[in-house]
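See below for the structure under consideration.
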2 protein chains.
Amino acid sequence: MMVHMGDVFRALADPTRRTILDELAERDGQTLFEICSRLTMKYGISSSRQAISQHLDVLADAGLVRTRRDGRFKFHYIDPAPLDRLTERWRPKGERQ
Amino acid sequence: MMVHMGDVFRALADPTRRTILDELAERDGQTLFEICSRLTMKYGISSSRQAISQHLDVLADAGLVRTRRDGRFKFHYIDPAPLDRLTERWRPKGERQ
DNA sequence: TTGATAGGCAAGTGATTGCTTGCCTATGAT
DNA sequence: ATCATAGGCAAGCAATCACTTGCCTATCAA
(Lines give C-alpha, C1' and ligand atoms only; values in the text may rest on other atoms or scores of the structure.)
Protein backbone atom coordinates (compact mmCIF):
# COMPACT_ATOMS: atom_id res chain seq x y z
CA MET A 1 0.00 0.00 0.00
CA MET A 2 1.42 3.34 -1.06
CA VAL A 3 1.46 5.93 1.70
CA HIS A 4 1.30 9.55 0.66
CA MET A 5 2.71 12.21 2.92
CA GLY A 6 -0.62 14.02 2.80
CA ASP A 7 -2.24 10.99 4.45
CA VAL A 8 0.11 11.36 7.40
CA PHE A 9 -0.72 15.03 7.91
CA ARG A 10 -4.41 14.37 7.55
CA ALA A 11 -4.25 11.51 10.04
CA LEU A 12 -2.49 13.73 12.57
CA ALA A 13 -4.99 16.56 12.09
CA ASP A 14 -7.60 14.95 14.33
CA PRO A 15 -7.22 15.19 18.12
CA THR A 16 -8.78 11.79 18.77
CA ARG A 17 -6.35 10.13 16.38
CA ARG A 18 -3.44 11.90 18.08
CA THR A 19 -4.69 10.59 21.43
CA ILE A 20 -4.92 7.07 20.01
CA LEU A 21 -1.27 7.37 19.00
CA ASP A 22 -0.47 8.63 22.50
CA GLU A 23 -2.15 5.59 23.96
CA LEU A 24 -0.38 3.16 21.62
CA ALA A 25 2.93 4.87 22.32
CA GLU A 26 2.40 4.20 26.00
CA ARG A 27 1.03 0.66 25.62
CA ASP A 28 1.65 -0.89 22.24
CA GLY A 29 -0.29 -3.75 20.70
CA GLN A 30 -3.78 -3.08 22.06
CA THR A 31 -6.99 -4.42 20.58
CA LEU A 32 -9.82 -2.19 19.40
CA PHE A 33 -11.84 -2.81 22.57
CA GLU A 34 -8.86 -2.10 24.79
CA ILE A 35 -8.21 1.18 23.00
CA CYS A 36 -11.87 2.17 23.29
CA SER A 37 -12.11 1.53 27.01
CA ARG A 38 -8.80 3.19 27.80
CA LEU A 39 -9.68 6.27 25.76
CA THR A 40 -12.86 6.57 27.76
CA MET A 41 -11.18 5.98 31.12
CA LYS A 42 -8.09 8.10 30.70
CA TYR A 43 -9.17 10.84 28.32
CA GLY A 44 -12.93 10.98 28.59
CA ILE A 45 -13.30 10.24 24.90
CA SER A 46 -16.67 8.55 24.54
CA SER A 47 -16.72 7.81 20.84
CA SER A 48 -18.26 4.55 19.73
CA ARG A 49 -16.26 1.50 18.85
CA GLN A 50 -16.98 2.11 15.18
CA ALA A 51 -15.67 5.66 15.38
CA ILE A 52 -12.41 4.46 16.90
CA SER A 53 -12.22 1.69 14.31
CA GLN A 54 -12.52 4.25 11.55
CA HIS A 55 -9.81 6.36 13.16
CA LEU A 56 -7.56 3.30 13.26
CA ASP A 57 -8.21 2.77 9.56
CA VAL A 58 -7.09 6.33 8.82
CA LEU A 59 -3.97 5.84 10.94
CA ALA A 60 -3.26 2.54 9.17
CA ASP A 61 -3.68 4.17 5.75
CA ALA A 62 -1.13 6.74 6.83
CA GLY A 63 1.26 3.98 7.83
CA LEU A 64 1.26 5.17 11.43
CA VAL A 65 -0.40 2.00 12.76
CA ARG A 66 0.26 -1.60 11.80
CA THR A 67 -1.99 -4.49 12.75
CA ARG A 68 -1.61 -8.19 13.48
CA ARG A 69 -4.47 -10.66 13.49
CA ASP A 70 -4.60 -13.53 15.94
CA GLY A 71 -7.89 -15.37 16.00
CA ARG A 72 -10.61 -13.07 17.23
CA PHE A 73 -8.11 -10.43 18.20
CA LYS A 74 -6.52 -7.72 16.12
CA PHE A 75 -3.60 -6.01 17.76
CA HIS A 76 -2.58 -2.48 16.86
CA TYR A 77 1.00 -1.25 16.86
CA ILE A 78 2.28 2.26 16.40
CA ASP A 79 4.80 2.82 13.61
CA PRO A 80 6.56 6.17 13.94
CA ALA A 81 8.47 5.74 10.66
CA PRO A 82 6.22 8.09 8.62
CA LEU A 83 7.07 10.84 11.11
CA ASP A 84 10.71 10.82 10.01
CA ARG A 85 11.74 13.99 8.22
CA LEU A 86 8.05 14.89 7.90
CA THR A 87 8.58 18.62 8.39
CA GLU A 88 12.12 18.85 7.06
CA ARG A 89 11.02 20.36 3.75
CA TRP A 90 10.12 23.68 5.40
CA ARG A 91 13.28 24.13 7.41
CA PRO A 92 15.94 26.56 6.20
CA LYS A 93 18.40 24.83 3.89
CA GLY A 94 21.38 23.22 5.54
CA GLU A 95 19.68 22.95 8.89
CA ARG A 96 19.48 19.57 10.57
CA GLN A 97 16.24 18.39 12.07
CA MET B 1 -2.08 34.80 20.39
CA MET B 2 -1.96 31.31 21.85
CA VAL B 3 -1.04 28.64 19.35
CA HIS B 4 -2.29 25.14 20.03
CA MET B 5 -0.47 22.18 18.60
CA GLY B 6 -3.69 21.01 17.01
CA ASP B 7 -3.76 24.18 14.94
CA VAL B 8 -0.37 23.26 13.49
CA PHE B 9 -1.48 19.78 12.48
CA ARG B 10 -4.70 21.10 11.03
CA ALA B 11 -2.84 23.76 9.07
CA LEU B 12 -0.49 21.16 7.61
CA ALA B 13 -3.34 18.82 6.69
CA ASP B 14 -4.23 20.77 3.54
CA PRO B 15 -2.09 20.27 0.41
CA THR B 16 -2.53 23.85 -0.78
CA ARG B 17 -1.30 25.17 2.56
CA ARG B 18 1.70 22.85 2.41
CA THR B 19 2.48 24.20 -1.04
CA ILE B 20 2.21 27.76 0.25
CA LEU B 21 4.79 26.89 2.88
CA ASP B 22 6.97 25.34 0.16
CA GLU B 23 6.77 28.56 -1.80
CA LEU B 24 7.58 30.75 1.21
CA ALA B 25 10.44 28.45 2.15
CA GLU B 26 11.90 29.04 -1.30
CA ARG B 27 11.18 32.78 -1.50
CA ASP B 28 10.33 34.34 1.83
CA GLY B 29 8.43 37.58 2.35
CA GLN B 30 5.98 37.46 -0.55
CA THR B 31 2.75 39.40 -0.78
CA LEU B 32 -0.63 37.74 -1.22
CA PHE B 33 -0.72 38.57 -4.94
CA GLU B 34 2.79 37.24 -5.45
CA ILE B 35 1.90 33.99 -3.71
CA CYS B 36 -1.27 33.64 -5.81
CA SER B 37 0.46 34.14 -9.14
CA ARG B 38 3.37 31.88 -8.27
CA LEU B 39 1.08 29.09 -7.06
CA THR B 40 -0.72 29.28 -10.38
CA MET B 41 2.46 29.40 -12.46
CA LYS B 42 4.52 26.78 -10.69
CA TYR B 43 1.97 24.38 -9.23
CA GLY B 44 -1.15 24.90 -11.34
CA ILE B 45 -3.14 25.86 -8.26
CA SER B 46 -5.90 28.12 -9.53
CA SER B 47 -7.59 29.05 -6.29
CA SER B 48 -8.87 32.58 -5.92
CA ARG B 49 -7.06 35.31 -4.03
CA GLN B 50 -9.57 34.99 -1.20
CA ALA B 51 -8.99 31.26 -0.90
CA ILE B 52 -5.24 31.80 -0.59
CA SER B 53 -5.84 34.61 1.89
CA GLN B 54 -7.91 32.26 4.05
CA HIS B 55 -5.17 29.65 3.85
CA LEU B 56 -2.66 32.25 5.00
CA ASP B 57 -4.93 33.07 7.94
CA VAL B 58 -4.94 29.42 8.97
CA LEU B 59 -1.17 29.25 8.67
CA ALA B 60 -0.84 32.44 10.70
CA ASP B 61 -3.15 31.08 13.41
CA ALA B 62 -0.89 28.05 13.60
CA GLY B 63 2.13 30.31 14.01
CA LEU B 64 3.67 28.97 10.82
CA VAL B 65 3.45 32.31 8.98
CA ARG B 66 4.18 35.78 10.29
CA THR B 67 3.24 38.97 8.49
CA ARG B 68 4.57 42.50 8.19
CA ARG B 69 2.55 45.43 6.89
CA ASP B 70 4.16 48.17 4.79
CA GLY B 71 1.67 50.55 3.21
CA ARG B 72 -0.47 48.69 0.74
CA PHE B 73 1.70 45.61 1.00
CA LYS B 74 1.58 42.77 3.48
CA PHE B 75 4.57 40.51 3.42
CA HIS B 76 4.38 36.89 4.54
CA TYR B 77 7.23 35.08 6.23
CA ILE B 78 7.48 31.41 7.10
CA ASP B 79 8.17 30.56 10.74
CA PRO B 80 9.25 26.94 11.17
CA ALA B 81 9.36 27.19 14.98
CA PRO B 82 6.02 25.38 15.55
CA LEU B 83 7.49 22.40 13.69
CA ASP B 84 10.05 21.84 16.42
CA ARG B 85 9.52 18.61 18.33
CA LEU B 86 6.06 18.40 16.77
CA THR B 87 6.10 14.62 16.42
CA GLU B 88 8.45 13.84 19.28
CA ARG B 89 5.63 12.67 21.56
CA TRP B 90 5.09 9.51 19.54
CA ARG B 91 8.69 8.41 19.32
CA PRO B 92 9.95 5.61 21.55
CA LYS B 93 11.25 7.01 24.83
CA GLY B 94 14.88 7.98 24.90
CA GLU B 95 15.09 8.38 21.15
CA ARG B 96 16.31 11.66 19.73
CA GLN B 97 14.43 13.32 16.92
C1' DT C 1 -24.58 -26.20 19.41
C1' DT C 2 -25.47 -22.16 21.70
C1' DG C 3 -24.06 -17.84 23.31
C1' DA C 4 -20.74 -14.35 24.05
C1' DT C 5 -16.88 -11.81 22.35
C1' DA C 6 -14.10 -9.23 18.75
C1' DG C 7 -14.55 -7.01 14.83
C1' DG C 8 -16.47 -5.50 9.93
C1' DC C 9 -19.66 -3.21 6.48
C1' DA C 10 -22.43 0.39 4.90
C1' DA C 11 -25.92 3.96 4.88
C1' DG C 12 -27.26 8.26 7.04
C1' DT C 13 -26.48 12.73 9.56
C1' DG C 14 -24.71 16.98 11.30
C1' DA C 15 -20.74 19.83 11.49
C1' DT C 16 -16.66 21.48 9.44
C1' DT C 17 -13.90 22.88 5.53
C1' DG C 18 -12.31 24.87 1.19
C1' DC C 19 -13.80 27.85 -2.01
C1' DT C 20 -16.46 31.31 -4.44
C1' DT C 21 -18.97 35.63 -4.96
C1' DG C 22 -19.85 40.31 -4.06
C1' DC C 23 -18.74 44.27 -2.02
C1' DC C 24 -15.85 47.16 0.92
C1' DT C 25 -11.51 49.92 2.75
C1' DA C 26 -6.80 51.59 2.36
C1' DT C 27 -2.79 53.03 -0.03
C1' DG C 28 -0.28 55.05 -3.79
C1' DA C 29 0.39 56.73 -8.64
C1' DT C 30 -1.15 60.03 -12.20
C1' DA D 1 -9.36 64.28 -7.55
C1' DT D 2 -9.32 60.04 -9.95
C1' DC D 3 -8.18 55.51 -10.67
C1' DA D 4 -5.69 51.29 -10.11
C1' DT D 5 -3.62 48.28 -6.78
C1' DA D 6 -3.42 45.42 -2.42
C1' DG D 7 -6.06 43.51 0.71
C1' DG D 8 -10.34 42.62 4.00
C1' DC D 9 -15.14 41.11 5.32
C1' DA D 10 -18.93 38.16 5.17
C1' DA D 11 -22.53 35.27 3.27
C1' DG D 12 -23.41 31.12 0.62
C1' DC D 13 -22.36 26.49 -1.33
C1' DA D 14 -20.63 21.97 -2.25
C1' DA D 15 -17.62 18.52 -0.58
C1' DT D 16 -15.51 16.25 3.12
C1' DC D 17 -15.30 14.49 7.79
C1' DA D 18 -16.39 12.48 12.27
C1' DC D 19 -19.72 9.94 14.13
C1' DT D 20 -23.79 7.11 14.78
C1' DT D 21 -26.95 3.33 13.81
C1' DG D 22 -28.10 -1.15 12.40
C1' DC D 23 -26.85 -5.34 11.01
C1' DC D 24 -23.47 -8.85 9.73
C1' DT D 25 -19.37 -12.40 10.09
C1' DA D 26 -15.77 -14.83 12.63
C1' DT D 27 -13.77 -16.92 16.57
C1' DC D 28 -13.90 -19.20 20.91
C1' DA D 29 -15.81 -20.92 25.36
C1' DA D 30 -19.55 -23.41 27.67
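Chain letters run A, B, ... following the sequence lines, proteins first, then strands; residues in each count from 1.
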- Message: Taking the basic N atoms (NZ, or NE/NH1/NH2) and the acidic carboxylate oxygens, is any pair closer than 4.0 Å for B:E26 and B:K42?
- Response: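 Judged by the 4.0 Å cut-off on N to carboxylate O distance, B:E26 and B:K42 do form a salt bridge.
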
- Would you mind checking if B:R91 and A:D84 are paired as a salt bridge, meaning a charged N to carboxylate O distance below 4.0 Å?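 Here A:D84 pairs with B:R91 in a salt bridge, since their nearest N and O are under 4.0 Å apart.
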
Rounded distance (Å) that lies between atom [atom2] of [N] and atom [atom1] of [X]:
{"X": "B:L56", "N": "C:dC19", "atom1": "CG", "atom2": "P", "value": "12 Å"}
{"X": "B:F73", "N": "D:dA6", "atom1": "CZ", "atom2": "P", "value": "5 Å"}
{"X": "A:D7", "N": "D:dT16", "atom1": "CG", "atom2": "P", "value": "15 Å"}
{"X": "A:I52", "N": "C:dG8", "atom1": "CD1", "atom2": "P", "value": "13 Å"}
{"X": "B:F75", "N": "D:dG7", "atom1": "CZ", "atom2": "C1'", "value": "13 Å"}
{"X": "B:L32", "N": "C:dC19", "atom1": "CG", "atom2": "P", "value": "14 Å"}

- Query: Is there a donor-acceptor pair under 3.5 Å between the side chain of B:R17 and the backbone N or O of B:R10?
  - Reply: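 Yes, B:R17 side chain to B:R10 backbone: donor-acceptor pair under 3.5 Å.
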
- Any donor-acceptor pair under 3.5 Å from A:D61 side chain to A:D7 backbone: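 No; judged by distance alone, with no hydrogens or angles, the pair does not exist.
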
- Quick check: are there more than 12 heavy atoms from other residues, nucleotides or ligands sitting under 6.0 Å from CZ of A:R89?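 Yes, enclosed.
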
- Query: Closer than 4.0 Å, any side-chain N/O of B:K74 to the OP1 or OP2 of C:dA26?
  - Reply: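 B:K74 to C:dA26 OP1/OP2: no side-chain N or O under 4.0 Å.
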
- With hydrophobic residues grouped by side-chain heavy-atom distances under 4.5 Å, do A:L86 and A:V3 end up in a single group?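 A:L86 and A:V3: one cluster.
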
- Item | Plane angle bin for A:F75 and A:F73 - parallel if under 30°, tilted between 30 and 60°, otherwise perpendicular |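 Rings of A:F73 and A:F75: parallel, under 30°.
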
- Task: Identify the two heavy atoms, one from B:R69 and one from B:R72, that lie closest to each other, and give their separation to 0.1 Å.
- Result: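 For B:R69 and B:R72, the tightest heavy-atom pair comes out as NH1-O, 3.4 Å.
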
- nucleotides 17-27 of chain D: protein proximity per nucleotide (B base, S sugar-phosphate only, - neither; heavy atom, under 4.0 Å): SSBBBB----B

- Message: To the nearest 10°, give me the bend of the helix from C:dT1-D:dA30 to C:dT30-D:dA1, comparing the axes of its five terminal pairs at either end.
- Response: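 Between the axes fitted at each end of the helix from C:dT1-D:dA30 to C:dT30-D:dA1 lies an angle of 20°.
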
